[in-house]
Amino acid sequence: MSLRLVHSGKVRELYDAGDGHLLMVASDRISAFDVVLDEPIPDKGRVLTAMTVHWLEDLADLAPSHLVSADPARFPAEAADLPDVAGRALLVRRADMLPLECIVRGYLAGSGWKEYTTSRTLHGTPLPAGLQEADRLPEPMFTPSTKATEGHDVNITFDEAVDLVGKETAEAARDLCVEAYRRAAAAGERTGIIVADTKFELGVIDGRLALCDEVLTPDSSRFWPADKWRPGTNPPSFDKQPVRDWLEGSGWDKQPPPPALPAEVVRATSERYVTAYEQISGRRLADWYGAAR
Ligand code: PZK
């Protein structure tokens with residue numbers, strides 16, 4: 001008997017682990033320019049999983065989470081049918097997920113920068129004139145969105161978030177996410193990594209708001225190397241820049257299928273993921289579950 005697949009994302013899967021539990025599995029697949037590439041990035045799934053656990057432990061005094069265990073010995077026996085699951089999977093509690101993407105932005109990047117250039121607002125809120133791309137915002141901002149059924153997420157106002165989950169929950173979600181972002185951004189800064197923005201997914205477990213899904217990973221956040229940050233530029237992505245640069249230079253039209261990544265680009269990208277984890281956590285990835293021995 002195999003675990004039942006309940007969700008399949010572009011680069012990860014979620015299985016029913018029985019008993020009110022789920023098994024969240026991060027693959028080594030990578031997406032760039034909205035396309036999943038053919039070459040796996042060695043250790044990417046372990047990095048995302050180890051980093052989520054790092055942050056959930058770091059933030060445990062701020063909020064409960066869905067995490068039960070990263071130890072494969074505590075997974076249901078059927079998890080052994082999944083290939084190389086050690087280190088890439090988390091046993092978590094099933095939560096009542098809020099129908100919200102809880103995004104917090106501390107810097108002006110991506111779609112936020114685009115909005116600012118057209119209307120000098122971020123998420124509809126007026127900002128000071130004269131800000132540049134990648135500038136730090138005066139204060140981190142909660143910019144929620146909803147999962148669109150197809151394609152990209154749709155921004156919603158705070159009042160629309162209130163309509164979806166109620167005033168008390170929306171306020172608690174905002175306050176929790178902004179504080180979690182502040183703490184992560186401050187911790188990142190001490191290790192030379194700027195957390196420009198991040199997306200939290202919250203759920204309700206035992207009547208309490210809990211951090212769920214992956215937390216403050218390169219796939220749910222924008223990480224910049226602090227020494228490459230210059231306002232007025234689009235700083236390189238800590239993790240994906242080798243892939244993006246190579247794809248941009250390849251002449252690819254960004255329509256599937258993507259070209260095959262050279263081994264050197266795969267290796268450099270894997271190294272960036274591992275460095276991000278080790279720099280942020282102060283631990284060695286070799287000490288995480290599933291290391292090659
Ligand atoms: C849940 N996702 C997104 C994650 C995927 C998709 N603890 C939870 N309880 C209930 N639902 C979820 C979670 C979590 N986390 C998360 N969708 C539902 C997701 C991983 C792989 F394919």
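What you see below is based on every heavy atom in this structure, not just the backbone, and it leaves out hydrogens, waters and symmetry mates. Counting starts at 1 for both ligands and their atoms, in listed order.
Annotation: atom 7 (N) of ligand 1 to nearest protein heavy atom, R93 O, 2.8 Å. For atom 1 (C) of ligand 1, the closest non-hydrogen atom of the protein is L14 CD2, 3.5 Å. Closest protein heavy atom to atom 22 (F) of ligand 1: G9 N, 3.1 Å. Looking only at heavy atoms of the protein, atom 8 (C) of ligand 1 is closest to L22 CD1, 3.6 Å. Of the protein's non-hydrogen atoms, the one nearest atom 19 (C) of ligand 1 is R12 NH2, 3.4 Å. For atom 17 (N) of ligand 1, the nearest protein heavy atom (residue, atom name, distance) is H7 CD2, 3.5 Å.
Against a heavy-atom cut-off of under 4.0 Å, R94 is close to the following atoms of ligand 1: 9 (N). Annotation for ligand 1: atoms under 4.0 Å from non-hydrogen atoms of M24 are 15 (N), 20 (C). In summary, the atoms of ligand 1 found under 4.0 Å from a heavy atom of M97, numbered by their order in the structure, are 8 (C), 9 (N), 10 (C), 11 (N), 12 (C), 13 (C). Less than 4.0 angstrom separates some heavy atom of H66 from each of these atoms of ligand 1: 7 (N), 14 (C), 15 (N). Short contacts between ligand 1 and A95, defined as distances under 4.0 Å to a heavy atom of the residue, involve ligand atoms 7 (N), 8 (C), 9 (N), 10 (C).
Using a 4.5 Å heavy-atom cutoff, the side chains of P231 and L131 are not in contact. Using a 4.5 Å heavy-atom cutoff, the side chains of T146 and P99 are not in contact. Residues E13 and L3 form no side-chain contact, since every pair of their non-hydrogen atoms from C-beta on lies 4.5 Å or further apart.
On a distance-only criterion, V92 and ligand 1 share no N/O pair closer than 3.5 Å. Looking at D213 next to ligand 1, an N or O pair under 3.5 Å apart turns up. Not a single N or O atom of S8, backbone or side chain, sits closer than 3.5 Å to an N or O atom of ligand 1.
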Test L108 against L127 for side chain to side chain contact (heavy atoms under 4.5 Å, CB included), laying out the working first.
CA-CA 11 Å; L108 206 43; L127 288 182; 4.3 Å; yes
Check step by step if side chain to side chain contact (heavy atoms under 4.5 Å, CB included) holds for L62 and L211.
CA-CA 10 Å; L62 181 66; L211 289 165; 6.0 Å; no
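In this structure, a donor-acceptor pair under 3.5 Å is present between the side chains of T121 and E115.
Counting heavy atoms closer than 4.0 Å to ligand 1, residue V6 contributes nothing at all. Proximity of E201 to ligand 1, defined as any heavy-atom pair under 4.0 Å, is not found for any part of the residue. Residue contacts with ligand 1, taken as heavy atom pairs separated by less than 4.0 Å, involve E13 solely via the backbone atoms N, CA, C and O.
Separation of atoms CG (L100) and CZ (R174) is listed at 12.5 Å; rounding is to 0.5 Å.
Minimum heavy-atom separation, S237 to R272: O-NH2, 2.9 Å. Taking all atoms of both residues into account, the shortest heavy-atom contact from L261 to E39 is N-OE1, 3.1 Å.
Between W224 and Y107, the distance separating the two ring centers is shorter than 6.0 angstrom.
Pairs of residues two or more places apart, or lying in two chains, that qualify as side-chain hydrogen bond (donor to acceptor under 3.5 Å, both in side chains) and include a residue from residues 88-104 are R93-D206, E101-K147, E101-K199.
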